[in-house]
Amino acid sequence: MRIAEAELRTVALPLLTPFRTSLGTQTVRRALLVRVRGTEGEEGWGECVAEDEPTYSPEYLEGAADLIRRFLLPALFALPDLDPAGVAPALAHLRGHPMAKAAVETAVLDAVLKARGLSLAAYLGGVRRSVRVGVSVGIATGLDALLDTVDRHVSAGYARIKLKIEPGWDLEPVRLVRETFGAGLMLTADANTAYTPADARHLARLDAYDLTLLEQPFAPDDLDGHARLAARMDTPICLDESITSARAATAAIRARACSIVNIKPGRVGGYLEARRIHDLALAADVPVWCGGMLETGLGRMANLALASLPGFTLPGDISATARYYERDITAPVVLDGDSIAVPEGPGIGVTPDPAALEAFTSGPPERLTPDTL
Ligand code: NPQ
Ligand code: MG
């Protein structure tokens, strides 16, 4: 494929309810979208999961746009015959920025696969036609509000409830949810790096509540701290922010810093690197699940394809669109029981609805061609 032109566009989707984590509170999800068009008429979309501010990871929306505009696309425009596996190598000399790179690689992947009539699930090696999904529940305004929210999601059918925790909002909400919904509810907790090893004794008290996993209690680069906590807790430790590549996943598993991995294609540089992490985790008997970044339907549908790979044995954070948004830029992703169907259409299996895309676009779309750079 040869890229004839690309478009950068930012959309802003209001959240139905504020989403509060230890990183802060989100009321609007702005997302940077990349569309590429090939010289043979191919067209593909990629969603960059970087947030407005560099709180979850070092990347942020405007920084990703600048990097794509000034460095990533120029490197790719120059290539006469680009295939999806050639994108990362062509960008490898530019250090870091996995979310920006993932968005561009996904757009090329979507364009090539749509042109071939091949679904992303088939291309990646998916083995299931639907995937069990969970939901991430933010830090609530109070315990009653928390129970109402959890009750709504359990009634909706979700296979797993994940509670965001932080110092001052951890043991009590977890205990209350466990006691209210019983032993049968699959329950996890996600700290988004809010604790330090000095909190280890306190965190170990979560063992009383039979969590399936405790996600990213400490700083992304503290493998030793996570390994020491894992050695003293029954609850399995899962890493998210720490896992920025296949090499990082190998290092974390070998250091025994985690026994479960949350895979997010944007955080690791794309769906091909995500599959590499899946493959190495499968070989190491480490279960994986697909994390969420409040994606639009573009990223949400692509994540469903990834979650259809054999090693994705735990419910992921690919919730229905209705968990976050009144309306999306694509057709809504819907829950069917405790699962969501894996897209079977070519590429990521979806394209934005033009009217919705216009409605949610904030700021003028940017058209980039080899001679505008
Ligand atoms: C996680 N996602 O697993 C992330 C945290 C997170 C679903 O919990 C804007 C964009 C705000 C991405 C807030 C879930 C966000 C975000 C939190 C991701 O750690
Ligand atoms: Mg997380």
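Both ligands and their constituent atoms are indexed starting at 1 by order of listing.
Where the criterion is an N or O separation shorter than 3.5 Å, residue side chain and backbone included, Glu241 fails it with respect to ligand 1. Annotation: Val49 places no N or O atom under 3.5 Å from an N or O atom of ligand 1; distance criterion only. At least one N/O-N/O distance between Asp190 and ligand 1 falls below 3.5 Å. Considering backbone and side-chain atoms alike, Lys162 places an N or O below 3.5 Å from some N or O of ligand 1. Checked against a 3.5 angstrom limit, the closest N/O atoms of Asn192 and ligand 1 fall inside it.
Within the listing of ligand 1, atoms 1 (C), 3 (O), 19 (O) sit less than 4.0 angstrom from a heavy atom of Asp240. Of all atoms in ligand 1, listed by their number and element, those nearer than 4.0 Å to a heavy atom of Ser136 are 7 (C), 8 (O), 14 (C). Below 4.0 Å from some heavy atom of Gly292 lie the following atoms of ligand 1, by number and element: 2 (N), 4 (C), 7 (C), 14 (C). Below 4.0 Å from some heavy atom of Tyr324 lie the following atoms of ligand 1, by number and element: 7 (C). Listed by number with element, the atoms of ligand 1 under 4.0 Å from a non-hydrogen atom of Phe19 are 8 (O), 13 (C), 17 (C).
With Glu215, Lys264, Arg323 as candidates, the residue nearest to atom 1 (C) of ligand 1 on a non-hydrogen basis is Lys264.
Contact annotation: Thr21 has at least one heavy atom less than 4.0 Å from an atom of ligand 1.
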*asked:* If you apply the rule side-chain hydrogen bond (donor to acceptor under 3.5 Å, both in side chains), what do you find for Arg30 with Thr10, and how did you get there?
replied: CA-CA 7 Å; Arg30 290 202 316 142; Thr10 300; 5.0 Å; no
_Stepwise side-chain hydrogen bond (donor to acceptor under 3.5 Å, both in side chains) check, Glu295 with Asn303_ = CA-CA 9 Å; Glu295 291 93 342; Asn303 287 348; 3.0 Å; yes
*asked:* What verdict does the side-chain hydrogen bond (donor to acceptor under 3.5 Å, both in side chains) test give for Tyr271 and Asp110, after you've listed the backbone C-alpha separation in whole Å, the side-chain angles of each residue and the deciding distance to 0.1 Å?
replied: CA-CA 11 Å; Tyr271 287 87; Asp110 186 35; over 6 Å; no
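Protein heavy atom nearest atom 18 (C) of ligand 1, with residue, atom name and distance: Met293 SD, 3.7 Å. Summary of contacts: the protein heavy atom closest to atom 5 (C) of ligand 1 is Lys164 NZ, 3.4 Å. Looking from atom 16 (C) of ligand 1 to the surrounding protein, the closest heavy atom is Leu294 CD1, 3.9 Å. Of the protein's non-hydrogen atoms, Gln26 OE1, 3.1 Å is the one closest to atom 11 (C) of ligand 1.
Side chain of Arg160 to main chain of Pro315: a donor-acceptor pair is present (N/O by atom type, distance under 3.5 Å, no hydrogens or angles). Between the Thr39 side chain and the Met1 main chain, no donor and acceptor come within less than 3.5 Å of each other. In terms of modelled atom types and a separation under 3.5 Å, the side chain of Arg9 and the main chain of Leu32 share no donor-acceptor contact.
The side-chain hydrogen bond (donor to acceptor under 3.5 Å, both in side chains) test with Asn192 is passed by exactly one of Glu166, Gln216, Lys164: Lys164.
A 4.5 Å side-chain heavy-atom check between Met99 and Ser57 finds at least one atom pair inside the cut-off.
Distances from the Mg ion (ligand 2) to each N, O or S atom of Asp240 single out OD2 as the nearest. The atom name of the N/O/S atom in Glu215 closest to the Mg ion (ligand 2) is OE2. If you look at Asp190 and ask which of its N, O or S atoms sits nearest the Mg ion (ligand 2), the answer is OD2.
Using a cut-off of 4.0 Å between Lys/Arg side-chain N and Asp/Glu carboxylate O, Glu241 and Arg267 are scored as not salt-bridged.
Cation-pi geometry between Arg29 and Phe19 is not met at under 6.0 angstrom from the ring centre and within 45 degrees of the axis.
Nearest approach of Arg323 to Tyr158, heavy atoms of both residues: CB-OH, 4.0 Å.
Judged by distance alone, the side chains of Thr235 and Asp207 do bring a donor and an acceptor atom under 3.5 Å apart.
Of the heavy atoms in Glu51, only side-chain atoms (C-beta onward) come closer than 4.0 Å to ligand 1.
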